[in-house]
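Beneath this line is the structure, given in structure tokens, with notes to follow.
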Amino acid sequence: MAVEILIAESAIRDRVVELGRRIESDYAGKPLTIVAVLTGSLIVLADLVRRIGIPHRIALLQASSYRGATTTSTMLVVNESFAPDVSGRDVLLLDDILDTGQTLAALVQHVADRGARSVRTAVLLRKIGRQTTPIEPDYCGFTIPDAFVVGYGLDYNDDYRHLPYVGILKD
Ligand code: XMP
């Protein structure tokens with residue numbers, strides 16, 4: 001399938017530098033743990049943490065959502081074998097994309113329930129007009145139109161994650 005470039009590699013690099021600077025000044029002197037949501041945020045995680053020049057920890061969370069058999073609501077299941085110890089930590093949850101907002105809202109609650117001192121959120125991308133769950137990310141890379149995007153960690157059937165840019169998948 002063809003991929004049309006939406007956000008070029010250089011634009012992502014510049015924005016990640018900006019976000020890193022902001023996070024660095026906001027969390028100076030605090031026990032920061034960046035908790036990245038697998039698998040889509042791995043690439044932005046690797047680039048972002050190298051732009052944050054203060055001591056911090058990195059952790060991973062794996063979550064899967066399932067559509068209920070009898071309802072339209074989805075249920076989020078967190079894989080506890082990856083669960084980081086966040087008690088007393090200032091957690092910054094990092095996800096690749098904010099779509100409906102369900103995943104991030106549920107994970108904020110999950111991390112708060114495990115004793116984090118504070119929980120904020122960062123997303124590389126935020127889709128316009130898709131949000132159903134009210135959550136305002138504290139750090140956002142880019143706002144994008146409502147299209148299916150791949151690259152820079154985002155996948156279609158686990159392909160395309162390696163692309164150095166974010167692109168729209170054309171069928
Ligand atoms: P919600 O709706 O909970 O979903 O905000 C966030 C998760 O949905 C996936 N997602 C996408 N993945 N291209 C992708 O590769 C997309 O355009 C897209 N939109 C949503 C993604 O896993 C994200 O964490």
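Nothing here was measured: the structure is a model prediction, and the numbers come from that model. Whatever order the structure lists them in is the order used to number ligands and atoms, beginning at 1.
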Proximal ligand 1 atoms for [X], defined as those under 4.0 Å from one of its heavy atoms:
X      : result
Asp95  : 24 (O)
Leu154 : 12 (N), 13 (N), 14 (C), 15 (O)
Thr100 : 1 (P), 2 (O), 3 (O), 5 (O)
Gln102 : 3 (O), 5 (O)
Ala147 : 17 (O)
Asp155 : 14 (C), 15 (O)
Lys127 : 16 (C), 17 (O), 18 (C), 19 (N)

Option of least heavy-atom distance to atom 4 (O) of ligand 1 (set: Thr103, Ile144, Thr133, Leu107):
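When every heavy atom of Thr103, Ile144, Thr133, Leu107 is considered, Thr103 comes closest to atom 4 (O) of ligand 1.
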Which protein heavy atom lies closest to [atom], and at what distance to 0.1 Å?
atom                    : answer
atom 13 (N) of ligand 1 : Val149 O, 2.7 Å
atom 11 (C) of ligand 1 : Ile97 CG2, 3.8 Å
atom 24 (O) of ligand 1 : Asp96 OD1, 2.9 Å
atom 20 (C) of ligand 1 : Asp99 OD2, 3.3 Å

Taking [Y]'s backbone N and O only, do any of them form a donor-acceptor pair with [X]'s side chain (distance below 3.5 Å, no angle check)?
X      : Y      : answer
Gln131 : Ile135 : yes
Asn79  : Gln62  : no
Arg51  : Val17  : no
Glu24  : Gly53  : yes
Asp14  : Val16  : no

Test your reading of the structure: does Gly101 have an N or O sitting under 3.5 Å from an N or O of ligand 1?
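It does: an N or O of Gly101 is found under 3.5 Å from an N or O of ligand 1.
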I'd like to know if the side chain of Thr33 pairs up with that of Arg89 as donor and acceptor (distance under 3.5 Å, no hydrogens or angles considered).
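Result is yes, a qualifying pair exists.
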Does a side chain donor of either Tyr152 or Asp47 reach within less than 3.5 Å of an acceptor in the other side chain?
yes
Could I get the full list of side chain to side chain contact (heavy atoms under 4.5 Å, CB included) partners for Ser118, not counting sequence neighbours?
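Scan of Ser118 (side chain to side chain contact (heavy atoms under 4.5 Å, CB included), adjacent residues dropped) gives Asp90.
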Less than 4.0 Å between atom 2 (O) of ligand 1 and some protein heavy atom, yes or no?
yes
Considering residues at least two apart in sequence or located in another chain, which fulfil the salt bridge (charged side-chain N to carboxylate O under 4.0 Å, His left out) criterion with Arg15?
Glu18
